[in-house]
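For reference, the structure discussed in these notes is given below.
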Amino acid sequence: MNDRPSGAAPTGRAGWGDRPVRTGADITASTAVRYALVPVRRLSLDAVARLSGLHPDLILRFVALGLVDADRDAAGHLVFDPTAPAVLARIQRLRSGLCLNYASIGLVLDLLDRISLLEAALRGRGTRSENPPWT
């Protein structure tokens with residue numbers, strides 16, 4: 001009798017019961033959710049604007065374009081992660097240094113994040129390339 005839904009992950013070796021085999025991708029995906037023991041400090045739109053030196057309307061445009069992540073609090077106001085001013089500074093450096101439009105900045109940010117993840121995975125595996133990381 002197999003009570004597993006169709007398309008479920010294969011089970012482990014014979015004799016190990018119904019416990020599924022966990023691959024590295026499964027372990028990474030299952031540990032991606034983290035619960036804070038202490039409430040995470042969130043920044044308001046005004047605080048982010050003051051810390052980053054940008055106008056709040058420009059920050060709202062970045063949120064609408066998906067360049068900066070924001071959530072809404074219970075009152076419906078935008079709240080940001082404490083890392084938002086650093087993300088905004090990175091966007092401004094890309095805009096002024098490389099003369100990129102905002103659509104291409106989103107692509108560059110995604111590529112830089114992927115490179116960081118790949119470099120972290122290489123460091124975690126203990127393999128090193130002969131070239132130092134360029135980022």
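These figures come from a predicted structure and were not determined experimentally. Side chains are part of it too, since the values below use all heavy atoms of this structure and drop only hydrogens, waters and symmetry mates.
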Any chance CG of Asp110 has more than 12 other-residue heavy atoms, nucleotides or ligands included, within less than 6.0 Å?
yes
Carefully, step by step, assess Arg42 and Asp71 under the rule side chain to side chain contact (heavy atoms under 4.5 Å, CB included).
CA-CA 9 Å; Arg42 308 290 280 181; Asp71 296 321; 2.6 Å; yes
Within one Ile-Leu-Val-Met-Phe-Trp-Tyr cluster: [X] and [Y], side-chain cutoff 4.5 Å:
| X | Y | value |
| --- | --- | --- |
| Leu98 | Val87 | yes |
| Leu118 | Ile115 | no |
| Ile59 | Val79 | no |

Side chains of Leu51 and Leu43: does their closest heavy-atom pair fall under 4.5 Å?
yes
Does a side-chain heavy-atom distance below 4.5 Å link Phe80 with Val63?
yes
For His77 against Asp73, the heavy-atom pair lying closest together
N-OD1, 2.7 Å
Between Asp113 and Ser116, do the side chains contain a donor N or O and an acceptor N or O under 3.5 Å apart?
no
Under 3.5 Å, which donor-acceptor pairs link side chains of residues 88-95 to any protein atom two or more places apart or in another chain?
residue: Arg95; atom: NH1; partner: Leu100; partner atom: O; Å: 2.9

Rounded at 0.5 Å granularity, tell me how far NE2 in His55 sits from CG in Leu60.
9.5 Å
Just to verify, what does Phe62 make a ring pair (Phe, Tyr, Trp, His ring centres under 6.0 Å) with, not counting sequence neighbours?
Tyr102
